[in-house]
Undergrad: 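The structure that follows is given in the form of structure tokens.
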Amino acid sequence: MIYLLIASFLWGTSFIAGKIAYNMFDPSLVVALRYIFASIILSPVTISFMRQEKETINKKDFFMLILLGILTYPLTSMLQFIGLSFTSASSATTIIGIEPIMITMIGFIFFKEKTSPIVFFLGIIAFLGVALTVGVSALENVSFFGCFLVFLSTIVVSFWVQLSKKVLTKINSNYYTALTIQLGTIFALPIMLFLVKNWKIYYSLKGIIALLYLIVGCSIGAGWFWNKGLERSEASKSGIFLALEPVFGILFAVLILGEKLNFLSIIGIILVILSAAICMILPKQKS
């Protein structure tokens, strides 16, 4: 479970890095560059896979990797970041908090995954915690279209979490991370570049550092830690940790950007952390 916790931390801090990078690049261009450079860095891993393990997957597995690559990285990022451009960050963050519940529901309806009532309950608590964390500001500057796009991203996340769990039984997480990032980037790149509205680059040291962090930490690092953790846990339980993303984001917004937390936000953070902590303890109790 520690792998899932680290992945949630890295993805959560991507909100701060992204905000800094947007001062230098167009949001769609940030997403495109993030995955292009991540794909290049991971090329040695793919070469190793082609030399040693390519016989382990068939055509059906290969097409599944393409689908998962598009769903996991470019599509999820684009839905979230384009949605954020139409609505407030707090309202989008609240919707992202639905992910634990959505993963459990999608798993139960489409994948016939048996889920413990306590896990479903923890998902609800985690969502309520996220809602409290962002506070009443979630009700301000709300755009239906923007919220709808972010909501769609939670459905996309739920499907790739469930589907990737099965593929990871066949492919090592190191190879899986590299292949999905690269295949997703290759097939989604034309759409990402088409959505770029401003090609101007306003160079700054902070912007370059933020982009590097998004590439190495939030794409390669978070992807590897998440896939490693998903190999060893149930999809519904892993979804609880996604609720920690906005919590980490808000905490770092306080530390780095100087934003302030109210009483409800503090209670919300405690609820989310407790939900994830109990989820981590559950396997030990069962054993």
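Any value given below was found using the heavy atoms of this structure, including those in side chains, with hydrogens, waters and symmetry copies removed. None of the values given here were measured: they were computed from a predicted structure.
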Undergrad: Going from CG on D61 to CG on L179, what distance comes out if it is rounded to the nearest 0.5 angstrom?
TA: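 Result: 11.0 Å between the selected atoms.
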Undergrad: Please walk me through it: do M105 and S158 pass side chain to side chain contact (heavy atoms under 4.5 Å, CB included)?
TA: CA-CA 9 Å; M105 292 177 61; S158 300; over 6 Å; no
Undergrad: Hey, are the side chains of E231 and Y3 touching, using non-hydrogen atoms and a 4.5 Å cut-off?
TA: no
Undergrad: At what distance, to the nearest 0.5 angstrom, does CD1 of I20 lie from CG of L205?
TA: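 Going from the CD1 atom of I20 to the CG atom of L205 covers 11.0 Å.
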Undergrad: With a 6.0 Å cut-off (strictly less than), is the heavy-atom count around CZ of F151, excluding the residue itself, greater than 12?
TA: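 Open: at most 12 neighbouring heavy atoms sit under 6.0 Å from CZ of F151.
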Undergrad: If you round to the nearest 0.5 Å, how far is CH2 of W224 from OG of S173?
TA: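 If I round to the nearest 0.5 Å, the distance is 6.0 Å.
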Undergrad: Is F110 reachable from F108 through a run of I, L, V, M, F, W or Y residues, each pair having side-chain heavy atoms under 4.5 Å apart?
TA: yes
Undergrad: I209, I36: one ILVMFWY side-chain cluster at the under-4.5 Å cut-off?
TA: no
Undergrad: Report yes or no: does T76 contribute a side-chain atom to a donor-acceptor pair with the main-chain N or O of L71 at less than 3.5 Å?
TA: yes
Undergrad: Working to the nearest 0.5 Å, report the span between OG of S28 and OH of Y22.
TA: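 Reported value, rounded in 0.5 Å steps: 8.5 Å.
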Undergrad: Return yes if some donor-acceptor pair links the side-chain N/O of Q162 with the main-chain N/O of I106 below 3.5 Å, else return no.
TA: no
Undergrad: Establish, from distance only, whether the side-chain atoms of Y175 and T46 form a donor-acceptor pair under 3.5 Å.
TA: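 Distance-only check fails for Y175 and T46.
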Undergrad: For I220 and T177, which heavy atoms make the closest approach, and how far apart are they?
TA: O-CG2, 4.2 Å
Undergrad: With distance as the sole test, does T180 use its side chain to make a donor-acceptor pair with the main-chain N or O of G69 at under 3.5 Å?
TA: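 Not a single qualifying donor-acceptor pair exists.
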Undergrad: Taking atom CZ of F37 as the centre, does the number of heavy atoms from other residues, nucleotides or ligands within less than 6.0 Å exceed 12?
TA: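 12 or below, so no.
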Undergrad: Any link between I40 and V216 through a network of hydrophobic side chains (Ile, Leu, Val, Met, Phe, Trp, Tyr) touching at under 4.5 Å?
TA: yes
Undergrad: Relative to each other, are the rings of W160 and W226 parallel, tilted or perpendicular (30° and 60° limits)?
TA: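 Because their plane-to-plane angle is over 60°, the rings of W160 and W226 count as perpendicular.
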Undergrad: List the steps and the verdict of side chain to side chain contact (heavy atoms under 4.5 Å, CB included) for L168 and N227.
TA: CA-CA 8 Å; L168 280 165; N227 293 327; 4.2 Å; yes
Undergrad: Does I191 have more than 12 heavy atoms from other residues, nucleotides or ligands lying within 6.0 Å of its CD1?
TA: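 Counting other residues, nucleotides and ligands, CD1 of I191 stays at 12 neighbours or fewer.
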Undergrad: Decide yes or no for D26 and I201: does some side-chain heavy atom of the first lie under 4.5 Å from some side-chain heavy atom of the second?
TA: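 A side-chain contact under 4.5 Å is absent here.
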Undergrad: If we ignore angles and hydrogens, is there a donor and acceptor under 3.5 Å between the side chains of S14 and Y213?
TA: no
Undergrad: Please determine whether ring-ring contact (aromatic ring centres under 6.0 Å, His included) holds for the pair F225 and F9, giving the CA-CA distance in whole Å, both sets of side-chain angles, and the decisive distance to 0.1 Å.
TA: CA-CA 10 Å; F225 281 114; F9 166 79; over 10 Å; no
Undergrad: For residues R34 and L214, report the shortest heavy-atom separation together with the two atoms involved.
TA: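 Result for this residue pair: NE-O, 3.6 Å.
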Undergrad: For a quick test of reading the model, state the closest non-hydrogen atom pair linking L271 to I125 and the distance between them.
TA: O-CG2, 4.1 Å
Undergrad: Between the main-chain N or O of P74 and the side-chain N or O of S77, is there a donor-acceptor pair closer than 3.5 Å?
TA: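 Checking the backbone N and O of P74 against the side chain of S77, no donor-acceptor pair under 3.5 Å is found.
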Undergrad: For I208, what residues pass the side chain to side chain contact (heavy atoms under 4.5 Å, CB included) criterion, not counting sequence neighbours?
TA: M24, L212
Undergrad: For the pair V31 and M78, evaluate side chain to side chain contact (heavy atoms under 4.5 Å, CB included) and give the outcome as yes or no after the intermediate values.
TA: CA-CA 7 Å; V31 176; M78 294 304 293; 3.6 Å; yes
Undergrad: Would you name the heavy atoms of S219 and Y73 that are closest together and state the gap between them?
TA: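 Closest approach of S219 to Y73, heavy atoms only: O-CE2, 4.5 Å.
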Undergrad: Can you find a heavy atom in the side chain of L189 that is under 4.5 Å from one in the side chain of M192?
TA: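 L189 vs M192: side chains touch.
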Undergrad: Tell me whether L183 is reachable from L193 by hopping between hydrophobic residues (I, L, V, M, F, W, Y) whose side-chain heavy atoms are closer than 4.5 Å.
TA: yes
Undergrad: Within a strict 4.5 Å, meaning less than it, do heavy atoms of the I155 and F159 side chains meet?
TA: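 With C-beta onward as the side chain, the pair touches.
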Undergrad: Quick one: does V150's side chain get under 4.5 Å of L79's, heavy atoms only?
TA: no
Undergrad: Looking at K165 and L230, what are the two nearest heavy atoms and their distance?
TA: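 In this case the closest contact between K165 and L230 is NZ-O, 2.5 Å.
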Undergrad: So do the side chains of V167 and L68 get within less than 4.5 Å of each other, counting heavy atoms only?
TA: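 Heavy-atom side-chain distance check passes, below 4.5 Å.
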Undergrad: Could you tell me the separation between the NZ atom of K60 and the CG atom of L65, rounded to the nearest 0.5 Å?
TA: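 With rounding to 0.5 Å, NZ (K60) is 12.5 Å from CG (L65).
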Undergrad: Is F248 close to S8 at the side-chain level, that is, under 4.5 Å between some pair of heavy atoms?
TA: yes
Undergrad: For residues 189-203, pull every pair meeting side chain to side chain donor-acceptor pair (under 3.5 Å), keeping only residues two or more places apart or in separate chains.
TA: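 Sorted pair list comes back empty.
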Undergrad: Quick one about S39 and T185 (side-chain donor to acceptor, distance below 3.5 Å, no hydrogens or angles considered), yes or no?
TA: yes
Undergrad: Is the closest side-chain heavy-atom distance between K170 and I57 below 4.5 Å?
TA: no
Undergrad: Hey, quick one: are L163 and F62 part of the same hydrophobic cluster, counting side-chain heavy atoms closer than 4.5 Å, chains of contacts allowed?
TA: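 Yes; tracing contacts between hydrophobic side chains, which count when under 4.5 Å, links both residues.
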Undergrad: Which atom pair, heavy atoms only, marks the closest approach of W11 to C218?
TA: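 Minimum heavy-atom separation between W11 and C218: NE1-O, 3.1 Å.
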Undergrad: Step by step, would you call Q182 with L42 a side chain to side chain contact (heavy atoms under 4.5 Å, CB included)?
TA: CA-CA 8 Å; Q182 291 167 336; L42 289 170; 3.8 Å; yes
